[in-house]
Trainee: 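Once you've had a glance at the structure underneath, I'll fire off some questions.
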Amino acid sequence: MMDKKKIAFIGAGSMAEAMIAGIAESGTVGKRNIYAANRSNQSRLQELEENYGINGMLLDELPYSEIDAFILAMKPKDAQKALVNLKGKIKAEQAVISVIAGISSQFIEACLHDRQQVIRVMPNTSSTIGESATGVSPSPSASMENVWLAEELMASVGQVFRIKEEEMDLFTGIAGSGPAYFYYLMESIEETARANGMDIQTARKAGAQTILGAAKMILNGEEAPSELRRKVTSPNGTTAAGLDALNFNGGGYAIEQAILSAAKRSKEISEQFEESMLVK
């Protein structure tokens, strides 16, 4: 049964905590079957223990042979030491769920085992409130049982989308970096309201509710965004005027470039990391 599985988070940062909170709250895995581990920060591990009722322990103390899935939840710059430390401790048949941005499953396999069962996942910061859009990409070596395990774990913090590995960089540009685009939009809404005499708290809540409502209409319906846009745009009306201004000022192009630039950077991170490991 799923609640009998044992999972271990390698890394205890904010993303790991968000996932721990979601999984522990959902009951997907029993709290005492969840481990959080790092190299030396015992106070952080104790904090996670006290807050979520899980096990916090140093890496060298983990019961490696008992763990069903290891979740690599650290920043790319910290991945090198983690993979070196884990080599020889994780069996090929154990699931390795990687939250490390830009690091390919093939490279993780090369560092651990030739046929390590790796599943890459890309949640976003909305996982802290259980509303993440998470991409899940299994390596060819991953069993369906381990893929389902990864998807059920990630469903604890939001919606899950199974994607191909070659789509991961683009998914990062859309969903991984996506919350920041909306925050940027909200900053502009607030600044425009403030500059024109509106109370900023009113503008903030109205703007956020508008984005939330529009998003729900897409998620809960079957109509394409283009069709929904046409329905709310009357010829020569206020919405048409606003959209004309967006188009004239390159709104669509700016969004495209934001997504593609983030995707490109994700690919660059992967290449730079793998090159640095090869040099060593």
Side-chain angles (χ1 to χ4, degrees), residues 1-38 44-57 62-63 66-75 82 90 94-101 103 105 108 117-139 142-163 165 167-168 171-172 174-179 182 212 215-216 218-220:
M1 293 178 64
M2 184 70 179
D3 61 354
K4 301 298 184 184
K5 296 285 187 180
K6 291 186 177 182
I7 63 173
F9 286 83
I10 311 299
S14 58
M15 181 56 73
E17 182 171 7
M19 295 170 66
I20 288 169
I23 294 168
E25 176 66 24
S26 69
T28 303
V29 173
K31 292 181 180 180
R32 299 309 298 172
N33 287 338
I34 301 173
Y35 297 80
N38 61 30
R44 172 59 173 161
L45 297 175
Q46 184 177 353
E47 178 184 11
L48 292 173
E49 274 195 351
E50 293 173 353
N51 289 344
Y52 304 105
I54 65 165
N55 306 288
M57 58 183 59
L62 270 179
E66 300 176 15
I67 303 299
D68 294 287
F70 295 88
I71 302 172
L72 307 183
M74 74 284 293
K75 295 179 180 179
I90 297 178
Q94 290 173 301
V96 173
I97 301 172
S98 174
V99 192
I100 311 171
I103 307 303
S105 60
I108 295 171
Q117 299 203 30
V118 180
I119 301 102
R120 285 183 65 189
V121 300
M122 175 52 64
N124 60 31
T125 57
S126 299
S127 59
T128 58
I129 58 169
E131 293 291 348
S132 177
T134 303
V136 174
S137 176
S139 69
S143 67
M144 285 310 303
E145 181 182 357
N146 280 332
V147 175
W148 292 331
L149 170 60
E151 290 181 335
E152 191 162 353
L153 290 173
M154 298 313 301
S156 301
V157 295
Q159 290 200 37
V160 172
F161 305 88
R162 193 183 299 181
I163 60 176
E165 174 113 25
E167 297 173 323
M168 187 59 82
F171 191 90
T172 298
I174 294 171
S177 302
F182 288 96
L212 177 62
K216 284 187 174 181
I218 293 175
L219 290 173
N220 296 340

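No experiment lies behind these values; they were computed from the predicted model shown. In what follows, residues are counted from 1 in the order of the sequence shown.
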Trainee: For residues S127 and M15, report the shortest heavy-atom separation together with the two atoms involved.
Mentor: OG-SD, 3.6 Å
Trainee: Answer yes or no: is there a donor N or O on one side and an acceptor on the other, between the side chain of N55 and the main chain of I34, under 3.5 Å?
Mentor: yes
Trainee: When rounded to the nearest 0.5 angstrom, what is the spacing between CD1 in I163 and OG in S137?
Mentor: 5.5 Å
Trainee: Does F182, at its CZ atom, have more than 12 non-hydrogen atoms belonging to other residues, nucleotides or ligands within less than 6.0 Å?
Mentor: no
Trainee: Using atom types as modelled and distance alone, determine if a side-chain donor or acceptor of N38 lies under 3.5 Å from a backbone N or O of G11.
Mentor: no
Trainee: Donor-acceptor pair, S132 side chain versus N124 backbone, under 3.5 Å?
Mentor: yes
Trainee: Once rounded to the nearest 0.5 Å, what's the spacing between atom CD1 of I67 and atom CD1 of I90?
Mentor: 9.5 Å
Trainee: I need the I10 CD1 to I97 CD1 distance, nearest 0.5 Å.
Mentor: 11.5 Å
Trainee: Taking atom CD of E167 as the centre, report whether more than 12 heavy atoms of other residues, nucleotides or ligands fall under 6.0 Å from it.
Mentor: yes
Trainee: Would you check if there is a donor-acceptor pair between the side chains of S143 and Q117 at a distance under 3.5 Å?
Mentor: yes
Trainee: Donor-acceptor pair, R120 side chain versus I103 backbone, under 3.5 Å?
Mentor: yes
Trainee: Is R44 salt-bridged to E17, cutoff N-O under 4.0 Å?
Mentor: yes
Trainee: For A18 and V157, which heavy atoms make the closest approach, and how far apart are they?
Mentor: O-CG1, 3.8 Å
Trainee: Any side-chain heavy-atom pair from V29 and K6 closer than 4.5 angstrom?
Mentor: no
Trainee: Go through the side-chain N and O atoms of S156 and S26 and say whether any donor and acceptor fall under 3.5 Å apart.
Mentor: yes
Trainee: Does the distance from a Lys or Arg side-chain N to an Asp or Glu carboxylate O, for E152 and K5, drop under 4.0 Å?
Mentor: no
Trainee: Check for a donor-acceptor pair, side chain of Q159 on one end and backbone N or O of A133 on the other, with a separation under 3.5 Å.
Mentor: no
Trainee: At their closest point, which heavy atom of A24 faces which heavy atom of Y52, and how far apart are they?
Mentor: CB-O, 4.4 Å
Trainee: Looking at every non-hydrogen atom in both residues, tell me the closest pair between P123 and M154 and how far apart they are.
Mentor: CB-CE, 3.9 Å
Trainee: Could you tell me which non-hydrogen atom of V136 sits nearest to which non-hydrogen atom of E151, and how far apart they are?
Mentor: CG1-CG, 4.0 Å
Trainee: Rounded to the nearest 0.5 Å, what separates atom CG in L153 from atom OG1 in T134?
Mentor: 11.0 Å
Trainee: Which atoms form the tightest heavy-atom contact between V99 and A73, and what is the distance?
Mentor: CB-CA, 4.3 Å
Trainee: Would you give the length of the straight line joining atom CG of L48 to atom CE of M57, rounded to the nearest 0.5 angstrom?
Mentor: 12.5 Å
Trainee: Mind checking the CE-CZ spacing from M74 to F9? Nearest 0.5 Å is all I need.
Mentor: 11.5 Å
Trainee: Whether the S139 and E165 side chains hold a donor-acceptor pair (N or O, under 3.5 Å, no angle test) is what I'd like checked.
Mentor: no
